[in-house]
Amino acid sequence: MKLHGKHILLGVSGGIAAYKSAELARGLIKAGAEVQVILTAGAEAFITPLTFQALTGRAVRTELLDETAEQGMGHIELARWADLILLAPATANLLARLNAGMADDLLTTVVLASKAPLAIAPAMNQQMWANVATQRNIKALTDLYQPLWLGPDSGEQACGDVGAGRMMEPDAIVAQLEQQATASGAWQGKKVVITAGPTREAVDPVRYLTNHSSGKMGYALAAEAARQGAEVVLISGPVNLPTPAGVRRIDVISARDMAAAAEEYAPATDLFIGAAAVADYHVVNTSNQKHKKQASDQAWTLQLAENPDIIQGVAQHKRRPTTVVGFAAETTDVEQYARDKLARKNLDWIVANDVSRTDIGFNSDDNQVVVFGRNGLRSDLPQQSKTQLASALLALFTKD
Ligand code: PMT
């Protein structure tokens with residue numbers, strides 16, 4: 001009963017996934033929540049108010065200007081009543097209307113009038129999900145509300161397409177909300193900024209320099225910090241991973257983009273972790289057009305210039321985060337190079353991993369690291385999943 005007594009306002013919009021919301025309402029009630037359902041006009045085309053009324057024991061709201069319903073609990077009271085507004089399924093249309101700040105039906109009006117946190121489970125055709133307009137709305141809504149994004153899942157869709165856009169399963173949504181509700185721990189209320197993944201340095205419009213980082217280590221840390229109650233900003237290079245629940249993700253491409261994002265988000269935070277594999281150099285003689293193959297005796301020489309050292313900049317900042325943690329990816333003399341970086345970059349901790357091994361480090365699900373602290377502490381952490389390791393590392397960083 002981890003959602004015991006929580007007032008959850010479940011907003012259902014018009015997509016085929018609306019049938020899953022009946023199961024979701026049931027799951028939320030089983031977890032102890034009080035559930036009030038609002039259906040949009042589109043949702044009513046897929047599922048009836050009576051279904052939800054039977055499941056929740058509460059009259060379902062559908063209209064903004066419904067005199068009888070407003071006498072019971074007006075829409076502003078409804079907005080105040082909610083501890084959480086859960087939009088599931090959230091169609092592309094609903095996301096667009098929310099981003100535009102519309103109040104053209106009961107659901108959008110209540111969202112606009114409420115201070116309650118938002119959780120959003122999008123559901124739509126994969127092409128609609130991938131559309132730039134939808135992605136732009138998602139980004140803008142993230143900035144506006146910092147909602148908990150729940151999915152979407154990938155797979156076969158009702159329309160026969162395959163791809164991202166399926167509504168997350170009701171059980172998984174309830175589990176995530178329960179996890180959020182019980183999030184607590186050493187990082188409760190702390191501000192944490194994490195970089196993850198590789199950077200890409202353009203050579204010409206079709207080529208770039210990069211490395212093997214998958215982002216898994218940084219994402220595991222972000223997920224765990226959020227689970228422990230932190231407010232997490234994840235500055236991510238191009239990776240193929242879903243955003244962890246409750247994490248604000250800032251997408252970047254190059255090292256210089258990542259440096260600008262770190263400059264914006266890292267100052268005065270509680271913890272900064274540089275898990276990204278940042279390219280040390282960018283190409284100076286980039287070309288605006290695709291570089292054509294030359295005669296075979298003509299070498300193509302790329303001229304490289306050094307990128308800013310992001311973590312060093314963060315650690316030297318006048319509003320330095322309380323704790324600054326670097327990673328060291330080494331293939332030889334792991335300990336010596338890691339200790340050198342700890343001192344040279346003015347870090348509090350460095351996490352050294354041996355990237356010459358293929359079963360740990362880059363792109364694997366596991367990692368095995370040695371951590372060195374400015375305070376002289378050394379900790380050898382055994383091989384384990386990156387998720388388990390993230391938890392062990394965050395426990396260590398509280399020792400500052
Ligand atoms: O992403 P995965 O596939 O899960 O793999 C995880 C990982 C191996 C990428 C990760 O655990 C790791 O070791 N990340 C750091 C890789 C790296 O670039 O190490 P480095 O020794 O080059 O850099 C040392 C530190 O300085 C790092 O914290 C790095 O983020 C930071 N750095 C480096 C260069 C630069 N220009 N700016 C930086 O901030």
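Order of listing sets the numbers, starting from 1, for every ligand and every atom in it.
- Under the 6.0 Å distance and 45° angle rule, R200 counts as a cation-pi partner of Y208.
- With no hydrogens or angles considered, a side-chain donor-acceptor pair links T108 and D105 at under 3.5 Å.
- Every residue meeting the salt bridge (Lys or Arg N to Asp or Glu O under 4.0 Å) condition with D251, not counting sequence neighbours, appears here in chain and number order: R249.
- At a heavy-atom cutoff of 4.0 Å, ligand 1 is surrounded by S213, S214, G215, K216, M217, G274, A275, A276, A277, V278, D280, P308, D309, I310, I311, G326, F327, A328, A329, K341, K345, N353, V355, G361, F362, N363, K386.
- The aromatic rings of W300 and H291 sit parallel to each other, their planes meeting at less than 30°, with 60° as the upper class boundary.
- Ion pairing of E34 with R58 is present here, as a side-chain N (NZ or NE/NH1/NH2) and a carboxylate O approach within less than 4.0 Å.
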Exercise for review: Go through the steps to decide whether N367 and N353 satisfy the test side chain to side chain donor-acceptor pair (under 3.5 Å), and finish with yes or no.
Suggested key: CA-CA 8 Å; N367 209 356; N353 40 201; 3.0 Å; yes

